[in-house]
Enquirer: 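Here it is, the structure in full.
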Amino acid sequence: NTGCRNLLLPYRPTNLQLAMLSVPSRQSPRRQSSRAASTTADEIQRWKEDSLDNEYLCRQDVLKEHFFWNLIQCQKDQLYNFYVEEETRLIENTISWTDIAKKSLKEVSSQAVINSHIVHLTFLLEQVQMFQEFIREREDDFIEVLNAYDNCHGTSVRPSELYELRTTHTFLKGRRLNELETELKECILPLEEAVEKLDSKYPAGFDTVINTF
């Protein structure tokens, strides 16, 4: 992931380095295990540290470099890999926590336990929504760079390049993340309803137990 970051002018990459720009990176076991305990905010911060920002990509000298499109391909590959990794993490966490929450509604669970599930699921929902916003911003960034390139060279590559991006990076449409968001909301709702039912039957601070059978 440091391949892009190292391509700062006036540095000139070798042909071998350029060829390696679009090769997907492989995570070490330590990195994989650390991701399981990380948050979306953590992963987005890592992305920003590893990738090139638009201020650099929209510079006139960079737009005119012969390796400009290699930089763009590098960004696209990094975004694809990052999306797959983060979506997988979010799905795994969603499956784990929704299963636990649904089980608590089928068994005898205290109000404190149910509230704990709501807190965890709400936090996970916020992570999904944060990731949705991040993905939308990446498409906007790509459009900004394409506009800068066309203005610099007097070309009109934006339509074709944007079409290619949306074809290869179908996740930009947000369908899978929207489904994940809906699943979490549908899991949180009955938990909140169960807590409201208990709040109406027992005094505040009284640790109650619910059995929804």
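Bear in mind the structure is a predicted one, so any value in this text is a computation, not a measurement. Numbers for residues simply follow the sequence, beginning at 1.
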Enquirer: Are the side chains of Val62 and Tyr56 in touch, meaning some heavy atoms are under 4.5 Å apart?
Expert: yes
Enquirer: Please round to the nearest 0.5 Å and tell me the distance separating atom CG of Leu172 and atom OG1 of Thr170.
Expert: 8.0 Å
Enquirer: Is NZ or CZ of Arg138 both nearer than 6.0 Å to the six-membered ring centre of Phe142 and within 45° of the ring axis?
Expert: no
Enquirer: Begin from the C-alpha positions of Glu126 and Met130 and carry the test side chain to side chain contact (heavy atoms under 4.5 Å, CB included) through to its verdict.
Expert: CA-CA 6 Å; Glu126 291 171 351; Met130 180 188 298; over 6 Å; no
Enquirer: Given 3.5 Å as the limit, does a donor-acceptor pair link the side chain of Glu192 with the main chain of Ile118, or not?
Expert: no
Enquirer: Between Ser116 (side chain) and Ala112 (backbone), is there a donor-acceptor pair under 3.5 Å?
Expert: no
Enquirer: For Glu139, is there any backbone N or O sitting under 3.5 Å from a side-chain donor or acceptor partner on His169?
Expert: no
Enquirer: Just wondering, more than 12 heavy atoms not from Arg176 lying within 6.0 Å of its CZ?
Expert: no
Enquirer: For the backbone of Val119 and the side chain of Thr122, can you confirm whether one donor and one acceptor N or O come within less than 3.5 Å of each other?
Expert: no
Enquirer: Give a yes or no answer on whether the side chain of Thr98 reaches the backbone of Ile95 with a donor-acceptor pair at less than 3.5 Å.
Expert: yes
Enquirer: So Gln75 and Leu57, do their side chains get closer than 4.5 Å, heavy atoms only?
Expert: yes
Enquirer: What's the shortest heavy-atom distance between His117 and Ser104, and which atoms?
Expert: CD2-OG, 3.3 Å
Enquirer: What distance do Glu186 atom CD and Lys102 atom NZ have between them, rounded to the nearest 0.5 Å?
Expert: 8.5 Å
Enquirer: His120 vs Trp97 aromatic rings, parallel, tilted or perpendicular, using cut-offs 30° and 60°?
Expert: parallel
Enquirer: In terms of hydrophobic clustering (I, L, V, M, F, W, Y; side-chain heavy atoms under 4.5 Å; direct or indirect links), are Leu180 and Leu189 co-clustered?
Expert: no
Enquirer: Supply the atom-to-atom distance Ile72 CD1 to Asp77 CG, rounded to the nearest 0.5 angstrom.
Expert: 11.5 Å
Enquirer: Quick one: are Gln60 and Lys64 in side-chain contact, heavy atoms under 4.5 Å?
Expert: yes
Enquirer: Going from CG on Leu191 to CD on Gln111, what distance comes out if it is rounded to the nearest 0.5 angstrom?
Expert: 12.0 Å
Enquirer: Donor-acceptor pair, Asp150 side chain versus Arg158 backbone, under 3.5 Å?
Expert: yes
Enquirer: Show the nearest heavy-atom pair for residues Glu181 and Leu125, with the distance to one decimal.
Expert: CG-CD1, 3.6 Å
Enquirer: Between the side chains of Glu179 and Arg175, is the shortest nitrogen-to-carboxylate-oxygen separation below 4.0 Å, so that they form an ion pair?
Expert: yes
Enquirer: Decide yes or no on side chain to side chain contact (heavy atoms under 4.5 Å, CB included) for Tyr83 and Ile135, but give the supporting numbers first.
Expert: CA-CA 8 Å; Tyr83 177 86; Ile135 293 300; 3.7 Å; yes
Enquirer: Is it true that a side-chain atom of Ser96 and a backbone atom of Asn93 form a donor plus acceptor pair closer than 3.5 Å?
Expert: no
Enquirer: Got more than 12 heavy atoms from elsewhere within 6.0 Å of CD, Glu55?
Expert: no
Enquirer: Taking the inter-plane angle between the rings of Trp47 and Phe82 on a 0 to 90° scale, is it parallel (under 30°), tilted (30 to 60°) or perpendicular (over 60°)?
Expert: parallel
Enquirer: In this structure, which one of Thr40, Thr94, Thr39 forms a side-chain hydrogen bond (donor to acceptor under 3.5 Å, both in side chains) with Gln127?
Expert: Thr40
Enquirer: Do you know the tightest heavy-atom contact between Cys58 and Leu63?
Expert: O-CD1, 3.5 Å
Enquirer: Does Gln132 form a side chain to side chain contact (heavy atoms under 4.5 Å, CB included) with Asn178? I'd like the steps, not just the answer.
Expert: CA-CA 8 Å; Gln132 288 173 313; Asn178 288 338; 2.8 Å; yes
Enquirer: Should the pair Glu92-Arg89 be classified as a salt bridge under the 4.0 Å nitrogen-to-oxygen rule?
Expert: no
Enquirer: What is the distance from atom CG of Leu71 to atom CH2 of Trp69, rounded to the nearest 0.5 Å?
Expert: 10.5 Å
Enquirer: Apply side chain to side chain contact (heavy atoms under 4.5 Å, CB included) to the pair Asp53 and Asp141, showing each step before the final yes or no.
Expert: CA-CA 9 Å; Asp53 57 34; Asp141 283 350; over 6 Å; no
Enquirer: Using 30° and 60° as the class boundaries, would you call the ring planes of Phe134 and Phe131 parallel, tilted or perpendicular?
Expert: parallel
Enquirer: Among the clusters formed by ILVMFWY side chains lying less than 4.5 Å apart, do Ile114 and Phe123 turn up in the same one?
Expert: no
Enquirer: If you measure from the Lys or Arg side-chain nitrogens to the Asp or Glu carboxylate oxygens, is any gap between Lys76 and Glu164 under 4.0 Å?
Expert: yes
Enquirer: Please report the interatomic distance SG(Cys187) to CD1(Ile100), rounded to the nearest 0.5 Å.
Expert: 10.0 Å
Enquirer: Hydrophobic clustering (ILVMFWY, side-chain heavy atoms < 4.5 Å, transitive) - are Ile143 and Tyr149 grouped together?
Expert: yes
Enquirer: Search all heavy atoms of Ser38 against all heavy atoms of Glu43 and return the closest pair with its distance.
Expert: OG-OE2, 2.8 Å
